[in-house]
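Since the structure comes first, as structure tokens, the remarks are kept for the end.
Sequence lines set the chain letters: A, B, ... in the order given, protein chains first and strands last, and positions in each chain run from 1.
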Amino acid sequence: MTLQQTTLHAPIIDEGIEKKLSGLTPETIRTVIDDVLSSETGPRLKAYLKTCVHCGLCSDGCHFFLSFDRNPRYSPVGKIKETLARFIHDKNRITADVIRQAAVIAYTECNLCRRCVMYCPFGIDTAYMIGIVRRICHRLGVTPLYIQDTAHSHSAFMNQMWVKEDEWIDTIHWQEEDAREEIPDLRIPLEKEGADVMYSVIAPEPRFQADLIYKAAVLMKRAGIDWTLPATPGWDNSDMAMFSGDNEIMGRITRTHFEAAERLNVKKIVMGECGHAFRSVYDTGNRWLGWTFPPIPVVHAIEFYYDLLKTGRIRIREKFKPRVTFHDPCNIVRGKGLHEKARYIIAKTCENFIEMTPNREHNFCCGAGGGVINCGPPYKSKRMQASRVKAEQLKNTGADVVITPCHNCHSGIDDILHHYKIPMSVTFMVDILTTTMETNP
Amino acid sequence: MHQLYDLATGPLLYLSLSLFAGGILVQGISLIRETYTSERFVFSFLSVKSALLSMVHWGTPFGSTVMRKNILLTVVGFLFHIGLLALPFFLMAHVLLFYEAWGLSWPTVPGWAADTATLFVCIACLFFVFRRLLVPDIRYISTPMDYLIPVLILVPFASGFWASHTLPGFRVCHVLHILSAEVLLSAIPFTRLTHMLFGFFTRIYTSSEFGSTRFAKDW
Ligand code: SF4
Ligand code: SF4
């Protein structure tokens with residue numbers, strides 16, 4: 001099934017990108033590029049660049065390329081040609097215009113989803129290279145306005161959405177109060193030292209989706225988990241600085257998160273249903289801090305739910321009836337291989353499951369990941385165009401509900417369903433679990 | 001012509017062999033050394049099991065998704081690489097040379113098979129050039145060097161075929177065969193032909209990360 005492609009309208013003017021550009025000379029640009037390349041990259045990048053035989057096999061891996069009718073500009077290697085390869089080969093001819101184009105490509109035309117890596121015979125990591133382009137743009141001060149605002153919020157408040165400490169605590173109390181109407185002795189324990197689990201969420205939860213904290217609390221209560229939330233910074237596990245190229249702030253965020261867990265002396269961190277946050281804590285931010293694997297066990301919600309079901313700590317009362325499909329989030333599938341665990345949960349909780357094609361490691365990105373959705377409304381139209389193959393893939397399942405355990409995917413898919421008028425709703429795994437589980441285990 | 005022949009089979013042969021071996025060795029060693037000094041974390045992610053598993057998949061025709069999507073390219077690509085790497089070692093005429101030089105010998109491919117394989121390598125080179133010219137996303141990323149490399153491979157194979165069949169002008173072709181093979185050999189460490197070496201490094205790292213850190217398949 002081929003869906004109708006909408007055309008792009010007026011050129012996008014992004015203040016965040018434009019603001020610094022006028023002051024950039026080719027000399028300054030060169031200095032920054034050389035500095036990033038020499039001090040922040042090494043043989044790994046060199047090997048990728050030398051090995052690439054320009055065979056174009058990675059093209060079919062990229063949903064941008066496929067959705068834009070195989071336009072060469074959107075192929076993974078095409079994006080590298082216009083950005084990093086140019087930075088390296090065009091010596092002193094990198095002007096502000098080239099940087100503008102590179103920023104647009106790197107921030108809004110690549111989801112860093114790593115799907116193309118599986119299509120390259122040499123395993124060349126284009127997502128990593130686009131990350132370096134973002135790093136260079138960040139160092140030049142050329143970042144899209146919206147994602148930069150988020151990075152500022154991380155820097156000032158250690159959370160993604162300018163949530164003040166008292167707002168966070170108030171939200172928790174409010175959710176606890178609401179949940180106690182359902183379960184009178186339910187608590188949402190803040191700052192409980194020595195608990196087994198520190199649960200962490202992304203800042204959009206207290207801001208817009210506080211019911212997810214409520215649901216997590218119900219689940220913890222039913223499963224009898226000894227858990228806590230920090231009242232101090234570190235409660236937010238999200239990390240947009242990782243995507244804006246601000247590695248220093250990325251490191252601060254991950255460190256604050258680990259330190260909160262350390263201070264509360266918990267046995268492990270359980271992260272809510274978010275993919276990018278997991279990428280930061282398990283992978284990118286963690287490595288920036290010098291760890292190979294996180295210094296404290298970190299578990300994504302899917303692994304946590306899987307364990308709860310497997311060990312019988314929660315039991316299913318009645319399976320979910322509507323036809324469901326599952327969207328594998330890049331950051332926990334290509335990022336942690338949680339696809340089979342997710343399917344186990346679905347098999348336990350849902351009656352009618354329809355696989356989408358392709359699936360598991362080969363699933364298409366939702367188009368929102370890698371900070372692309374965080375570049376904001378100016379790019380929404382392009383993001384929708386780039387999601388055409390995703391829309392077709394969703395529509396072809398004929399499902400009523402798509403489950404996806406990731407905030408970015410959730411928002412991205414919600415936009416796609418509206419834009420392409422697909423009669424389907426999107427839901428988190430916790431929604432399915434809390435509606436199907438036994439209330440008196 | 002004789003002088004040129006002597007030059008080609010004497011000093012130039014040694015020059016190209018040393019450029020090839022030296023180039024590969026220096027590049028390989030410096031990559032490992034630089035990785036050790038500046039990106040040592042790479043070693044902490046390496047996994048023999050994941051790397052082997054991934055290489056088996058990528059080394060088997062149609063063992064990865066992208067190969068199943070590109071049937072023609074997979075068939076041509078595999079046969080081309082096999083021909084390219086095996087022919088120089090298993091041609092009767094070449095084995096004779098090894099025998100004369102070092103007294104070593106091993107089985108050879110029959111004449112008809114060698115001819116077919118040689119012609120196939122030549123056709124494959126043209127196929128790669130036309131693929132570059134005709135497929136828009138590949139043309140978009142292609143540099144002059146990308147077009148030159150298949151030609152660099154085509155010349156020694158075509159001239160070798162010509163010379164071995166003593167077709168008109170075979171003496172010239174024979175010298176051309178030796179010279180162009182030497183050019184090709186020397187070019188390996190300094191062009192994208194290095195994928196022959198670096199491709200293993202990148203594959204080992206990516207498959208280790210995929211298989212043992214991210215627990216996902218990369219094929
Ligand atoms: S990482 Fe994803 S979005 Fe980026 S080029 Fe590769 S496939 Fe396309
Ligand atoms: S598939 Fe790999 S080698 Fe081929 S063009 Fe893409 S990145 Fe380069």
Practice task
Go through B:T191, B:D146, B:I149 and name the one with the most non-hydrogen pairs under 4.5 angstrom from chain A.
Solution key: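 Maximum pair count with chain A is reached by B:D146.
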
Problem - Winner by heavy-atom pair count (cut-off under 4.5 Å) against chain A, out of B:T37, B:I138, B:I32 - result: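 Result: the option with the highest number of such pairs is B:I138.
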
Quick one: does any side-chain atom of [X] pair with a main-chain N or O of [Y] as donor and acceptor, under 3.5 Å?
X: B:T202; Y: A:F122; result: yes
X: B:E39; Y: A:T41; result: no
X: B:R131; Y: A:C55; result: yes
X: B:R203; Y: A:P121; result: yes

Does any backbone or side-chain atom of [X] lie under 4.5 Å from a heavy atom of chain A? Answer side chain, backbone, both or neither.
X: B:L73; value: side chain
X: B:R139; value: neither
X: B:R33; value: neither
X: B:S38; value: side chain
X: B:T213; value: both
X: B:W58; value: side chain
X: B:S64; value: neither
X: B:L31; value: both
X: B:F201; value: neither
X: B:E34; value: both
X: B:K217; value: both

I need the [X] [atom1] to [Y] [atom2] distance, nearest 0.5 Å.
X: B:K69; Y: A:D60; atom1: NZ; atom2: CG; result: 6.0 Å
X: B:F210; Y: A:D125; atom1: CZ; atom2: CG; result: 7.0 Å
X: B:R192; Y: A:H54; atom1: CZ; atom2: NE2; result: 3.5 Å
X: B:T143; Y: A:H89; atom1: OG1; atom2: NE2; result: 8.5 Å
X: A:K50; Y: B:L193; atom1: NZ; atom2: CG; result: 13.5 Å
X: B:F198; Y: A:K46; atom1: CZ; atom2: NZ; result: 8.5 Å

Inspect the surroundings of [atom1] in [X] and state if more than 12 heavy atoms from other residues, nucleotides or ligands are less than 6.0 Å away.
X: A:W288; atom1: CH2; result: yes
X: B:Y36; atom1: OH; result: no
X: B:F130; atom1: CZ; result: no
X: B:W106; atom1: CH2; result: yes
X: B:Y14; atom1: OH; result: no
X: B:F200; atom1: CZ; result: no
X: B:F41; atom1: CZ; result: yes

Practice task
Have a look at A:Y119 and tell me which of B:N70, B:D218, B:V66 forms a side-chain contact (heavy atoms from CB on, under 4.5 Å) with it.
Solution key: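 The side-chain contact (heavy atoms from CB on, under 4.5 Å) with A:Y119 is passed solely by B:V66 among B:N70, B:D218, B:V66.
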
Exercise for the section: Before giving the answer on side-chain contact (heavy atoms from CB on, under 4.5 Å), spell out for B:T206 and A:V117 the whole-Å C-alpha distance, their side-chain angles and the decisive distance to 0.1 Å. Expected result: CA-CA 8 Å; B:T206 295; A:V117 183; 3.5 Å; yes

Exercise for the section: Heavy-atom distances under 4.5 Å only: say whether A:I80 touches chain B with side chain, backbone, both or neither. Expected result: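 Neither the backbone nor the side chain of A:I80 comes within 4.5 Å of chain B.
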
Handout entry: Under 4.5 Å from a heavy atom of chain B, the part of A:C120 involved
Key =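 The answer is the backbone of A:C120.
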
Exercise for the section: Indicate whether the side chain of B:Y140 and that of A:E82 have a donor and an acceptor atom separated by less than 3.5 Å. Expected result: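 Looking only at side-chain atoms, A:E82 and B:Y140 do form a donor-acceptor pair, the distance falling under 3.5 Å.
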
Handout entry: B:Y205 side chain near A:R44 side chain, heavy-atom distance below 4.5 Å
Key =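 Answer yes - side chains close enough.
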
Practice task
Compare all side-chain heavy atoms of B:T65 with those of A:H362 and state whether any distance is below 4.5 angstrom.
Solution key: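 The answer is yes, as the side chains (C-beta and beyond) meet within the 4.5 Å cut-off.
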
Handout entry: Short N-O contact, A:D283 and B:R214, less than 4.0 angstrom
Key =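 Yes, this pair counts.
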
Practice task
May I ask you to check if A:R287 and B:F45 form a cation-pi contact, with NZ or CZ under 6.0 angstrom from the six-membered ring centre and within 45° of the axis?
Solution key: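 Ring-cation test returns yes.
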
Problem - Stepwise side-chain hydrogen bond (donor to acceptor under 3.5 Å, both in side chains) test for A:S75 and B:D137 - result: CA-CA 7 Å; A:S75 86; B:D137 56 304; 5.3 Å; no

Exercise for the section: Begin with the C-alpha distance, continue with both residues' side-chain angles, and end with the deciding distance and a verdict on side-chain contact (heavy atoms from CB on, under 4.5 Å) for A:E361 and B:W219. Expected result: CA-CA 9 Å; A:E361 288 99 334; B:W219 54 82; over 6 Å; no

Handout entry: Contact winner vs chain B - A:R360, A:H339, A:K81, A:R73, heavy-atom pairs under 4.5 Å
Key =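 Among the listed options, the one with the most contacts to chain B is A:K81.
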
